[in-house]
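What follows is one structure encoded as structure tokens, with my remarks underneath.
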Amino acid sequence: MGNLFQRIKHTVMSDIHEVIDKKEQKNPIAVLNQYLRQCEQEVEKVQKLMERQYTLKEEFKKEHHHALSLAEKRKHQAEVAGNAGETELQQFAVQEQAFYEERAMRIAESAAQSEKDLQDLERKYEEMKHKLKDMYIKRMELMGRENIARAQSKVNTVLDPSAGYTDGRFSKFDEIEQYLDRLEHGVQNSYYRSTIDAKIAQLEKETKKEETAS
């Protein structure tokens, strides 16, 4: 069982080193997703081992009961043979009884060790699930921070004039304001051109009236 966890630890540490080596080359969230998938696979492997251990536990229980049953049977047979004066048959039954009792004891010891290993495996399995859940939450936090950073970057390209010089252009709002200024200036010039004759004629008329009155 110790070798199992050593292999799991080695696999996880290898994955961590791989993530560190690639973090400058790949999207961090994509690498984290890959690492989480690998951890999920390890958790699934442990779960399957636990299921197998549960099966072995039931098999130990079944074999232990069977050995005790045979030992009790041979004990009864030895008594019957002894009462009947069948010494040789009695000795054989006693030997069989001892054999099955020893088997039952050995199975009980193995079952006890198996139960201890199962409890340890269950505890470590729960720890792995908690760690995996923590990594899920951490991924959500990192994704949230990444989304905010991306959104702020987009906002800054629109609102911050100093950020608008990328690829030789002003920010979007500056571009729109400059366009509206040019449009207003053009409309105003067009208005003056269309009314200048009437205004000059009116001024000349008012000037003549003032001269006549004087």
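If you're wondering where the values come from, they're calculated on a predicted model, not measured in any experiment.
Contact annotation: the side chain of Y35 never approaches that of R139 to less than 4.5 Å [non-hydrogen atoms, C-beta and beyond]. The shortest side-chain heavy-atom distance between E59 and T55 falls under the 4.5 Å cut-off. With a 4.5 Å cut-off on side-chain heavy atoms, E58 and K62 do not count as touching. Considering only heavy atoms from C-beta on, E126 comes within 4.5 Å of K129 through its side chain. A heavy-atom distance below 4.5 Å is not found between the side chains of V80 and Q77. Within the 4.5 Å cutoff, no side-chain heavy atoms of K124 are placed close to those of V46.
There is no path of hydrophobic side-chain contacts, each under 4.5 Å, that joins F99 to M105. Both M135 and Y125 sit in one connected hydrophobic cluster of ILVMFWY residues. Membership requires side-chain heavy atoms under 4.5 Å apart, directly or through other members.
Taking CE of M143 as the start and CG of N33 as the end, the distance is 7.0 Å to the nearest 0.5 Å. With rounding to the nearest 0.5 angstrom, the CD atom of E122 is 9.5 Å from the CD atom of Q53. The structure places CD of E44 at 7.0 Å from CD of E40, a figure rounded to the nearest 0.5 Å. With rounding to the nearest 0.5 Å, the separation of NZ in K73 from CD in E96 is 10.5 Å. Here NZ of K133 is found 6.0 Å from CD1 of I137. Values are rounded to the nearest 0.5 Å. The distance from atom CG of D117 to atom CE of M50, rounded to the nearest 0.5 Å, is 12.5 Å.
Contact detail for A67 and Y100: the closest heavy-atom pair is O-CB, 3.6 Å. L121 and L49 get closest at one heavy-atom pair: CD2-C, 4.2 Å. Pairing each heavy atom of Q97 with each of A71, the nearest pair is CG-O, 3.5 Å. Minimum heavy-atom separation, I107 to F60: CG2-O, 3.5 Å.
Within a 6.0 Å sphere centred on CZ of R123, other residues, nucleotides and ligands contribute more than 12 heavy atoms. Heavy-atom neighbours of I148 CD1 from other residues, nucleotides or ligands within 6.0 Å: at or below the threshold of 12.
With respect to K45 and E42, a salt bridge is recorded, a charged nitrogen being found less than 4.0 Å from a carboxylate O.
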Review item, side-chain donor-acceptor pairs of residues 82-90, under 3.5 Å, at least two apart:
{"unit_1": "N83", "atom_1": "ND2", "unit_2": "E79", "atom_2": "O", "d": "3.1"}

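There is no side-chain donor-acceptor pair under 3.5 Å between Q34 and R37.
Side-chain N or O atoms of S110 include one that pairs as donor or acceptor with a backbone N or O of R106 at under 3.5 Å.
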Exercise for review: Any chance you could lay out the salt bridge (charged side-chain N to carboxylate O under 4.0 Å, His left out) test for E146 and R150, step after step, and finish with the verdict?
Suggested key: CA-CA 6 Å; E146 183 187 41; R150 290 179 181 273; 3.4 Å; yes

